[in-house]
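Working notes, beginning with the structure itself.
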Amino acid sequence: MHGAGPDAPAHHSPVPSPDGTLLAWISDVTGRPRVHVAPLPSAGPVTGGRVLDAGGIDRPDAVSLAWSPDGGRVAAEIAPSGGDRHRVLVLDPAGGPATEIAPAAACVTLGAWSPTGRHLGVTLFPGSGDPAADGYGAGTACLVDTRDGSSVVVGSGQAAAVQAISADARRVVLRTGRRGERRLELLDLHTGSRDRLVGGRAFVATARFGTSPGTLWVHTDAGREHAALLAVALGPAADHRIAPARVVAGRSDADLDVAALDPSSTHAVLVWNAGGRTELEVADLRGGRPRGLAAPMDVVTGVSVTRDGRSVLVAGHSPGAPPHVVRVPLDGSAPATPLLPATPWRTTTRPEPVAFDAEDGLELRGWLHRPAAPNGVGLLWFHGGPESEERPGWAPLMAALAAAGVTVLTPNVRGSSGRGDTFARLDDRELRPFSLTDVRASARFLAGTGGVERVVVAGRSYGGFLTLAALTRFPELFAAGVDVCGMSDLPAFYAGTEPWIAGPAVPEYGDPRTDRALLDELSPLADAATITAPLLVVHGEHDTNVPVGQAHAIVDALTGRGRPVELLLVPDEGHEIADRATRAATNERIVAWVCAAAGRPAVSPG
């Protein structure tokens with residue numbers, strides 16, 4: 001690698017102010033992800049700007065943000081120290097003090113602003129409750145009056161979120177539901193009536209009102225294999241007429257990741273996940289045919305249309321470019337120009353798409369990172385989620401491993417997103433053992449790619465669970481393992497994680513009240529005696545998503561048996577390592593440990 005190292009700063013989540021004069025975004029250029037604001041230039045990159053004050057909260061790592069419609073405030077959801085007890089702050093773009101919303105709640109998440117900017121939708125989650133209750137972990141969605149702090153409850157449920165508020169502030173779209181069971185309801189605040197918009201079987205369910213009061217734009221995969229953009233025609237609030245949803249943009253071979261409307265709601269910029277790489281389109285919402293727009297990076301994570309409707313701000317990343325933002329003319333008349341530029345980073349490899357068969361014949365896909373000078377070590381890396389996906393973008397750990405001579409395979413086993421609804425559900429509850437055999441199929445594929453003599457298994461969060469499970473079930477396949485904040489004991493995970501994480505997880509892993517035998521059977525800790533390979537366990541000290549006790553339990557079990565195990569506790573971090581320098585140092589430690597544990601020295605890329 002040449003140029004910037006793996007600790008290069010990242011810029012993402014660009015949002016122009018309503019009047020188009022300012023830009024807010026999230027960047028870790030100062031070390032941790034914070035909210036930045038600067039004048040939005042008519043051309044060229046952003047210059048100057050400030051980090052917005054986040055009050056007295058220590059390490060206020062920004063997750064998402066939204067301008068108030070009047071442009072005078074920026075609402076931000078933050079995760080202190082990368083943790084899971086999120087807060088919502090209302091920030092002053094002029095640099096004044098921040099105001100925290102509902103500071104007494106255990107966790108607060110950000111919803112939508114009302115069109116007047118008077119009310120802000122937030123959801124409050126309690127830090128305790130009855131784990132035996134059906135609604136365990138449910139949140140209370142509220143509209144908070146940002147002038148006097150008063151609030152109105154609009155609904156409750158697991159993963160509750162205020163998605164949209166109508167222009168007359170009478171109607172609210174509320175999302176609720178467990179993982180894979182998202183629902184959307186339209187609530188009339190005057191009468192209290194509720195009408196179902198999207199229900200039941202959905203991973204994706206978001207909505208927003210258009211500029212026309214009679215149209216609701218819905219982004220969902222409900223009743224479909226792949227997420228699409230739908231239009232729902234609404235009658236006057238008094239008669240509750242809701243027309244059947246009409247598909248505006250949908251594909252049979254790709255998920256719609258993001259849909260951003262222009263200020264007039266006549267066009268939408270569509271971000272498609274087509275086999276892992278991004279394809280962009282501009283759709284005419286009045287019925288015209290969509291047209292392609294050149295994607296300026298391999299993986300686009302967000303788009304915002306400027307106030308004049310002429311340009312789209314595109315955020316994303318590529319193997320050689322950390323997260324950055326460019327400006328693209330909406331009519332495609334000119335190439336993208338840097339707005340928040342990426343620090344150049346030349347890699348020694350680009351991931352190659354691969355496909356191979358699972359043991360039951362199901363096609364699995366992934367990405368292969370081939371080193372220029374292989375050292376004989378192959379590494380399997382499994383993503384978290386499991387409703388997530390490895391994609392061919394910025395992956396500094398994979399690039400650093402390849403630069404050291406390690407051949408890396410990042411498979412998307414069953415249960416991953418990006419392949420449609422059916423594929424994402426193939427590991428639910430009693431089907432989970434099939435995802436474990438996918439690990440074995442992945443290991444055999446990697447061993448047969450050439451130049452691989454020893455295989456290491458590794459992963460983060462759910463991928464850490466797969467790592468531990470693979471080491472217990474297939475110990476003969478692996479020379480070593482790296483578990484990054486993974487679950488070792490599923491019943492203990494349910495008992496120790498946050499309520500708002502435990503409750504919605506039931507459709508994925510099983511119900512700890514009725515599926516205890518299954519959870520015990522799947523838990524790697526019960527079979528720790530079968531782990532013989534050296535193991536590195538990496539965990540944030542403040543992680544409450546996968547509590548740090550999960551790491552201590554597997555380390556203690558192996559230490560007591562005299563097995564080679566090392567624990568790397570990361571201070572001042574939670575489930576995410578948010579500090580840029582700490583993340584780079586942790587990656588460096590993982591690379592060195594993998595090569596040493598596999599008995600192969602790291603090689604120089606030359």
Side-chain angles (χ1 to χ4, degrees), residues 12-16 20 23 40 42-44 204 206-212 214-221 224-233 245-318 321 323-340 342 353 389 391-393 417-420:
H12 61 92
S13 305
V15 185
L23 179 72
L40 178 60
S42 58
V204 180
T206 65
R208 62 166 293 179
F209 289 97
T211 53
S212 168
T215 304
L216 186 69
W217 302 99
V218 177
H219 175 205
T220 186
D221 62 344
R224 306 176 56 85
E225 270 296 307
H226 296 281
L229 180 64
L230 313 180
V232 178
R246 172 176 58 89
V247 177
V248 175
R251 290 173 54 168
S252 62
D253 62 345
D255 276 332
L256 181 64
D257 280 347
V258 181
L261 275 62
D262 70 4
S264 65
S265 295
T266 60
H267 292 82
V269 179
L270 308 175
V271 180
W272 298 101
N273 175 359
R277 289 195 168 93
T278 289
E279 294 178 3
L280 291 182
E281 283 184 337
V282 178
D284 187 334
L285 301 179
R286 298 162 297 186
R289 293 176 60 85
R291 54 180 173 81
L293 193 66
M297 58 273 288
D298 290 85
V299 179
V300 171
T301 57
V303 290
S304 296
V305 182
T306 56
R307 183 175 181 272
D308 60 12
R310 296 179 180 178
S311 300
V312 57
L313 310 183
V314 182
H317 50 89
S318 295
H324 61 289
V325 181
V326 300
R327 188 197 322 253
V328 180
L330 204 59
D331 61 6
S333 59
T337 56
L339 185 65
L340 297 166
E389 179 187 9
R391 301 183 66 177
S417 57
R419 295 276 301 275

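None of the values given here were measured: they were computed from a predicted structure.
P323 has its side chain out of reach of T301: every pair of non-hydrogen atoms, C-beta onward, lies at least 4.5 Å apart. Contact annotation: the side chain of V303 approaches that of V271 to within less than 4.5 Å [non-hydrogen atoms, C-beta and beyond]. In this structure, L256 and V204 have side chains that are not in contact, with every pair of non-hydrogen atoms separated by 4.5 Å or more. Residues V326 and L339 fail the side-chain proximity criterion, which asks for heavy atoms closer than 4.5 Å.
Considering all non-hydrogen atoms of both residues, A294 and L280 come closest at O-CD1, 4.0 Å. Across P16 and S304, no two heavy atoms sit closer than the pair CD-CB, 3.7 Å. A pairwise comparison of heavy atoms in V248 and L285 identifies CG1-CD2, 3.7 Å as the closest pair. Shortest non-hydrogen contact noted between H267 and D284 is CD2-CA, 3.9 Å. Of all heavy-atom pairs between S264 and T211, the closest is O-OG1, 3.0 Å. In terms of heavy-atom proximity, A228 sits nearest to A249 at CB-O, 3.2 Å.
Residue R251 forms a side chain to side chain donor-acceptor pair (under 3.5 Å) with just one option from H226, E281, E279, and that option is E279. A salt bridge (charged side-chain N to carboxylate O under 4.0 Å, His left out) with R391 holds for exactly one of D255, D298, D257; it is D257.
Every residue two or more places apart in sequence or in another chain that forms a side-chain hydrogen bond (donor to acceptor under 3.5 Å, both in side chains) with T306 is listed here: D308.
Taking OG1 from T215 and CZ from F209, the interatomic distance works out to 10.5 Å, rounded to the nearest 0.5 Å. Here N273 contributes atom CG and R419 contributes atom CZ; the two are 11.5 Å apart, rounded to the nearest 0.5 Å. Annotation: the span from W272 atom CH2 to T278 atom OG1 amounts to 12.0 Å, rounded to 0.5 Å. Atom NE2 of H219 sits about 9.0 Å away from atom CG of L270, to the nearest 0.5 Å. Expressed to the nearest 0.5 Å, how far CZ of R277 lies from CE of M297 amounts to 14.5 Å.
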Let me have the donor-acceptor pairs involving side chains of residues 309-317, under 3.5 Å, with sequence neighbours excluded, atom names and distances please.
residue : atom : partner : partner atom : Å
H317    : ND1  : W394    : N            : 2.8

